[in-house]
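In what follows, a structure is listed as structure tokens, so that the remarks can point back to it.
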Amino acid sequence: MLDLKFVRNNPEAVRAALDKRGASISLEPFLALDERRREKLVEAEKLKNKRNVVSEEIGRLKKAGQPAEKMVLEMREVSAAIKDMDDEIRNLEHEIQQTLLGIPNIPDADVPTGHDENDNVEVRRWGEPPQFNFEPQAHWDIGEALDIFDFERGSKVTGARFTFYKGLGAALERAVINFMLDTHTREHGCVEVLPPFMANSVSMTGTGQLPKFAEDMFKVENTDYYLIPTAEVPVTNMYAGEILDGNKLPIYHCAYSACFRAEAGAAGRDTRGLIRQHQFNKVELVKFTNQEDSWEELEKLTFNAERILQLLGLPYRVVVLSTGDLGFSSAKTYDIEVWLPSYNSYKEISSCSNFADFQARRANIRYREGKGKPRFVHTLNGSGLAVGRTVAAILENFQTQAGTVKIPVPLQPYLGGLTEIK
RNA sequence: GGAGAGAUGGCUGAGCUGGUCGAAGGCGCGCGACUGGAAAUCGCGUAAACGGCUUGAAACCGUUUCGAGGGUUCGAAUCCCUCUCUCUCCGCCA
């Protein structure tokens, strides 16, 4: 959420930012509402002041045993008028709030302007895509041949985009999760969190999934709970409403969770394999920083995620998202894309974003330095990494002509020393 | 699921026979005094949001906030209703 005062005082800057994103939201009605609200507020506050002063006087008179009936009658009317005004103000505030919640974050100045993902800009590459002297298989074919995935039974038991991992497939997924968590806790100073896999609507609003993106989530019937689309939601909202000690920043968390996404609008895309599931595993990195350090921390966060791919020996590239591809809440995002032979291209495996104070304002997460006033923290997060896609990348990049898969050395201890799935 | 207790400022904890209560006391924190320095002690000060004024900020003025929402009243931390959460006991359960 943007700062109301900022929007009020810099409507041109906000409009320009929204234009860059290709999000056409008219600010006129919003500004008019804001104007009206402040007028009403001044009016109501004057009346309240009168009520307070006179009520005090009534108390004094009654104590002294003097009549105050006339004042009481007058105040009765004043109170009724206040009530009406408060109702009106409340309605205006609700409208303003709803509008504000629907406005996306302002992209950072060095985010490239563009329409969509085709305008994203590559910033670096690591590793070389493998050269095969045979026809490489897609991970769904490798996995089924090795009997480590069962897509059909997943569909039978639940539906499309649900999968059973089986045998060494399940063990590999578990090994990758543990390897990622251990790397982030031991090498990157993250405190591990295992969060709830459901979160309420307030939390979903805090991180920006609601109110605009309800259709992307699964809601639990007869409750206010949603299945989390990412651990970002519970972990960021951990500190909602709190004032953190500035000395404790930055806070680094990593968290494993299952993630649930309705994938509305993705029908027909990535229908095979592990790439796009309604339920998938992810290790998430979440940071809380002060307002000065968040840009540097975004770079570090991205390196933390890349580190996993480097240790596993998976080739990847990093792109900075253009304004047209940038997520709603983000000020700047790097996508890390891993090489997938079956796609013959790089495929997103991590998305690292600085939200600046956008989420913090929604979730009311602040910090205080010394005796200073509370300020909103900056929040960042990134996948570190999507586990299913990592497993897919391992299968495809490290497959052999015989249909087996070599296990990257750092994962072997997590699989009891296993070097190859055959 | 049944019965009960509770939710107050950064923390703890009074107030809860309605009217100088934004709220005592303590702790913590900040500044100062004392000291060679420190501890202890003493003094002073310590919430936030919104709005007005202002080029901006500060100061100042006003409003709101004692879990959330609603009600009674001229006036609510205090009375009533609903909800949420926490704790205790019982039952059930991985």
Side-chain angles (χ1 to χ4, degrees), chain A residues 1-13 30-101 194 196-206 220 222-226 234 237-249 251 288 290-291 357 360-377:
Chain A
M1 182 164 65
L2 301 180
D3 181 10
L4 174 59
K5 282 183 195 162
F6 180 81
V7 180
R8 185 189 297 153
N9 296 330
N10 307 280
E12 289 313 317
F30 170 80
L31 294 170
L33 280 176
D34 177 50
E35 182 85 31
R36 235 174 77 209
R37 172 184 158 267
R38 277 181 295 158
E39 280 168 13
K40 282 285 160 193
L41 195 59
V42 170
E43 209 177 318
E45 287 185 350
K46 273 187 189 148
L47 275 186
K48 284 181 180 177
N49 180 239
K50 183 174 181 185
R51 180 180 68 184
N52 289 344
V53 170
V54 175
S55 286
E56 211 178 307
E57 179 64 17
I58 290 171
R60 236 192 313 273
L61 288 174
K62 287 208 166 176
K63 216 169 243 176
Q66 296 186 14
E69 204 41 40
K70 222 181 91 190
M71 286 181 173
V72 168
L73 288 176
E74 189 192 349
M75 284 309 103
R76 195 171 291 172
E77 279 172 34
V78 169
S79 273
I82 288 173
K83 207 176 158 194
D84 289 343
M85 285 186 198
D86 274 349
D87 282 344
E88 192 177 343
I89 291 166
R90 207 185 341 258
N91 288 338
L92 287 169
E93 282 178 348
H94 181 75
E95 268 186 80
I96 290 167
Q97 184 77 357
Q98 287 308 305
T99 309
L100 216 46
L101 285 173
L194 183 58
F197 289 4
M198 297 184 204
N200 60 32
S201 57
V202 171
S203 297
M204 289 298 174
T205 306
V220 181
N222 300 323
T223 70
D224 183 43
Y225 303 158
Y226 295 80
N237 281 288
M238 264 176 86
Y239 301 106
E242 297 188 26
I243 299 176
L244 305 173
D245 180 352
N247 294 322
K248 302 274 170 62
L249 300 178
I251 294 172
F288 301 84
N290 64 32
Q291 301 193 351
D357 61 6
R361 187 171 289 107
R362 289 172 162 243
N364 194 25
I365 308 170
R366 293 173 295 174
Y367 70 104
R368 192 199 300 275
E369 246 151 26
K371 294 289 290 174
K373 287 208 163 207
R375 307 168 77 194
F376 289 113
V377 300

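Every chain is numbered from 1, with letters handed out A, B, ... down the list of sequences.
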Practice task
Specify the separation, in whole Å, of atom CD of A/Glu242 and atom P of B/A48.
Solution key: 17 Å
Practice task
Check whether any side-chain nitrogen or oxygen of A/Ser79 sits under 4.0 Å from OP1 or OP2 of B/G75, and answer yes or no.
Solution key: yes
Problem - A/Leu41 side chain, from C-beta outward: closest of B/C50, B/A49, B/C85 - result: B/C50
Problem - Shortest side-chain distance from A/Arg37, nucleotide among B/C50, B/C74, B/U63 - result: B/C50
Exercise for the section: Among the candidates B/A48, B/G52, B/C74, find the nucleotide nearest to the side-chain atoms of A/Arg38. Expected result: B/G52
Handout entry: Euclidean distance for C1', B/U8 against B/A48 (whole angstrom)
Key = 15 Å
Problem - CD/A/Glu77: more than 12 non-hydrogen atoms of other groups inside 6.0 Å - result: no
Fill in the blank from the handout: Picking from B/G70, B/U63, B/G75, the nucleotide nearest the side-chain atoms of A/Arg90 would be B/G70
Fill in the blank from the handout: Testing B/G51, B/U63, B/A48 for proximity to the side chain of A/Arg368, the answer is B/A48
Problem - 5' priority, RNA chain B, between A/Asp34 and A/Lys50 [closest heavy atom] - result: A/Asp34
Practice task
May I ask you to check whether over 12 heavy atoms, not counting those of A/Arg36, lie within 6.0 Å of atom CZ?
Solution key: no
Practice task
Can you tell me the distance, in whole Å, between the CZ atom of A/Arg8 and the C1' atom of B/G52?
Solution key: 12 Å
Completion exercise
Separation of B/U73 atom C1' from A/Lys83 atom NZ, nearest Å, is 12 Å
Exercise for the section: Please state whether the phosphate of B/G19, meaning OP1 or OP2, lies under 4.0 angstrom from any side-chain nitrogen or oxygen of A/Arg51. Expected result: no
Handout entry: Base of B/G19 paired with side chain of A/Glu56 (donor-acceptor, under 3.5 Å)
Key = no
Exercise for the section: Round to the nearest Å and state the distance from A/Ile243 atom CD1 to B/C29 atom P. Expected result: 18 Å
Practice task
Evaluate the side-chain proximity of A/Val377 to A/Tyr239: yes if any heavy-atom separation is below 4.5 Å, no if none is.
Solution key: no
Problem - Residues A/Arg90, A/Asp87: salt bridge by 4.0 Å N-O rule - result: yes
Handout entry: Inter-nucleotide C1' distance (B/A3, B/U17), Å rounded
Key = 29 Å
Problem - Lys/Arg N to Asp/Glu carboxylate O, A/Glu45 vs A/Lys48, below 4.0 Å - result: no
Problem - RNA chain B: 5'-proximal contact among A/Asp3 and A/Lys63 (nearest heavy atom) - result: A/Lys63
Handout entry: Interatomic distance at C1', B/A57 relative to B/U72, whole Å
Key = 44 Å
Handout entry: Whole-Å distance separating the CZ atom of A/Arg76 from the C1' atom of B/G71
Key = 16 Å
Practice task
Please check if any side-chain donor atom of A/Ser55 sits under 3.5 Å from a side-chain acceptor atom of A/Asn52, or the reverse.
Solution key: no
Handout entry: Whole-Å P distance, B/C29 and B/U88
Key = 31 Å
Problem - Contact check, side chains of A/Arg366 and A/Glu242, non-hydrogen atoms, under 4.5 Å - result: no
Problem - Test item: A/Arg8 and A/Glu35 side chains (from C-beta on) under 4.5 Å apart, heavy atoms - result: no
Problem - Proximal nucleotide (of B/G51, B/G75, B/A47) relative to the A/Val42 side chain - result: B/G51
Exercise for the section: Could you work out the separation of B/G75 and B/G19 based on their C1' atoms and round it to a whole Å? Expected result: 7 Å
Handout entry: Other residues, nucleotides, ligands: >12 heavy atoms within 6.0 Å of A/Phe197 CZ
Key = yes
Handout entry: Distance test, side-chain N/O of A/Asn52 to OP1/OP2 of B/U63, below 4.0 Å
Key = yes
Exercise for the section: Please determine if a side-chain N or O atom of A/Lys5 lies less than 4.0 Å away from the OP1 or OP2 oxygen of B/G51. Expected result: yes
Problem - Nearest-angstrom distance, C1' atom, B/C85 to B/G91 - result: 22 Å
Practice task
Provide the distance between the two P atoms, one in B/U64 and one in B/A68, to the nearest whole Å.
Solution key: 15 Å
Completion exercise
A/Asn49 has its side chain closest, among B/U63, B/G75, B/A48, to B/U63
Problem - Distance, rounded to the nearest Å, where A/Glu77 contributes CD and B/U73 contributes P - result: 14 Å
Completion exercise
Between CZ of A/Phe6 and P of B/G56 the distance, given in whole Å, is 16 Å
Practice task
Indicate the atoms forming the closest heavy-atom contact of A/Tyr367 with A/Phe376, along with that distance.
Solution key: CE2-O, 3.4 Å
Exercise for the section: Could you work out the separation of B/A24 and B/A14 based on their P atoms and round it to a whole Å? Expected result: 14 Å
Exercise for the section: When you get a sec, tell me which of B/C50, B/U64, B/G19 is the closest nucleotide to the side chain of A/Ile58? Expected result: B/G19
Exercise for the section: Would you mind reading off the distance between A/Asn9 atom CG and B/G51 atom P, rounded to a whole angstrom? Expected result: 10 Å
Handout entry: Structure string for RNA chain B in dot-bracket form, Watson-Crick and G-U at under 3.5 Å, | interchain
Key = ((((((((.[[[..)...(.....]]]((((((.......))))))((((((.......)))))).[[[[[..)....]]]]])))))))....
Handout entry: Nucleotide of B/A49, B/G71, B/G70 approaching A/Arg366 most closely (side-chain heavy atoms)
Key = B/A49
